[in-house]
Structures are given as structure tokens and as C-alpha cells.
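What follows is a short report on a single structure.
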Amino acid sequence: MGKEVAGPEIDRLIQLLARLPGLGPRSARRAALHLIRKRNELLAPLADALQKARETIVTCHICGNADSQDPCTLCRDVERDPHTLIVVETVADLWALERAGVLSARYHVLGGTLSPLDGIGPKDINLTRLIERVASGAVQEVILAVSATVDGQATAHYITGQLAEFNIKITRLALGVPVGGELDYLDDGTLAAAIQSRTLF
Ligand SMILES: [Zn+2]
């Protein structure tokens, strides 16, 4: 970079913004300038919201969702079908499925996939709790909404093996649809169709 045009505080803001998904250095500079210009309308409330998020957001000990309460809002919702459990890789996937609003089910967030090459084994993702939840007896169907990648499918096979002893149905989303951690990119109709036309694993 050439000569400095701003003090270290602004530079730091830009560098942090540039680490957000979808923002490169150029859009980070634009975002920073926008925040500075809208100091009262945007920068101040954003700073407050970030602070609040930092203070309150926790991981649900039941399902792995991110929320400001534990158990999370979804786990507390007694209207949800306790017999159907949708297993997702990320909180973003959970939110996408909720937005599509197809099933009023329960969720389980793995927080990743098994990946032997990266040294990620069963203990490194939220699997033990999943097996405990199924073992506790209420679950009748587990829908594996994991990605079609090698790691995603290996994870699905591993989970199926672990759940084999329980008398439950294991299904997966219609093939070709799930894209690891990126259900979020699908439109709600496609996502709804993938759930409705789920197949036995
Ligand atoms: Zn939860």
C-alpha cells in the first residue's frame, strides 16, 4: 500500500471488516467510510449491537445452535415436533431451513464434518450429544441435511452407523441439492422441495 491516508483506528476498522465473508479490501473500505459518515445512525447502534452479541450469544447445549439463551429458542419451542431431528453442518444451514419453513422439527448442529485429512474426528464435532438425543427415545426420524461433498457423505455414513442400533428412520435431502454449509444459497422453494422429497439413507 502507498502512503497512509488514515489513522490506525480507521485502518483497524477496515482490516476487521475485510475479514467478513463477502467483503474484500475494497468493499471493506467503502463500508468503513459509510459507517464513519453515518456515525449516529449506524456506527453507534452497530457498536452497541456487537457489544450485546458478544455479551449474550451462547451455544445451545442441546442442539448446538447459536442464540442469546440456552436452551435456544428452537429447543424451548414446545410446538415443534420432537420426533423429527434435522442434522445440519452449520447454524447458517439451520437458519436457511427455518426460513424455508417446511418442517416444524428439531435440529442438531454438528459444527462441521468429519475430515480425516484435516485431523477432524468424531470427537471434534457435535456427535456425542446427537447420539444421546436419539438414545433418549423421542426421535423417530433423523434427516441428514449434510453436504454432498466427500467429507459430508463420510459424516452421514458415520452417523448412520452410530445410529444403527436405534429403531429410527434415517433420511437425507433429495440428492444434488445440499452443498456443505451453504444451504443458505438455495432459494426457499428448492430447499423445501429437497426436504419434502427426502429419501431413505
Ligand atoms: Zn437448541
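One-based numbering, in listed order, for ligands and for the atoms of each. Being a predicted model, the structure only gives us computed values, none of them experimental.
Side-chain heavy atoms closer than 4.5 Å link hydrophobic residues (I, L, V, M, F, W, Y) into clusters, and following such links, even through other members, never connects Leu23 to Ile10.
Judged purely by atom type and a 3.5 angstrom limit, Arg19 has no side-chain atom pairing as donor or acceptor with the backbone of Leu16.
Donor-acceptor pairing under 3.5 Å is recorded for the side chains of Glu141 and Thr171. At a cut-off of 3.5 Å, with distance as the only test, a side-chain donor of Ser147 or Thr149 sits close to an acceptor on the other residue.
Every residue meeting the side chain to side chain donor-acceptor pair (under 3.5 Å) condition with Arg129, not counting sequence neighbours, appears here in chain and number order: Glu132.
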Working note: Ser104 + Glu79, criterion side chain to side chain donor-acceptor pair (under 3.5 Å); need CA distance, chi angles, decisive distance, verdict.
CA-CA 8 Å; Ser104 180; Glu79 305 282 302; over 6 Å; no

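Excluding water, every protein N/O/S atom under 2.8 Å from the Zn ion (ligand 1) is given here by residue and atom: Cys60 SG, Cys63 SG, Cys72 SG, Cys75 SG.
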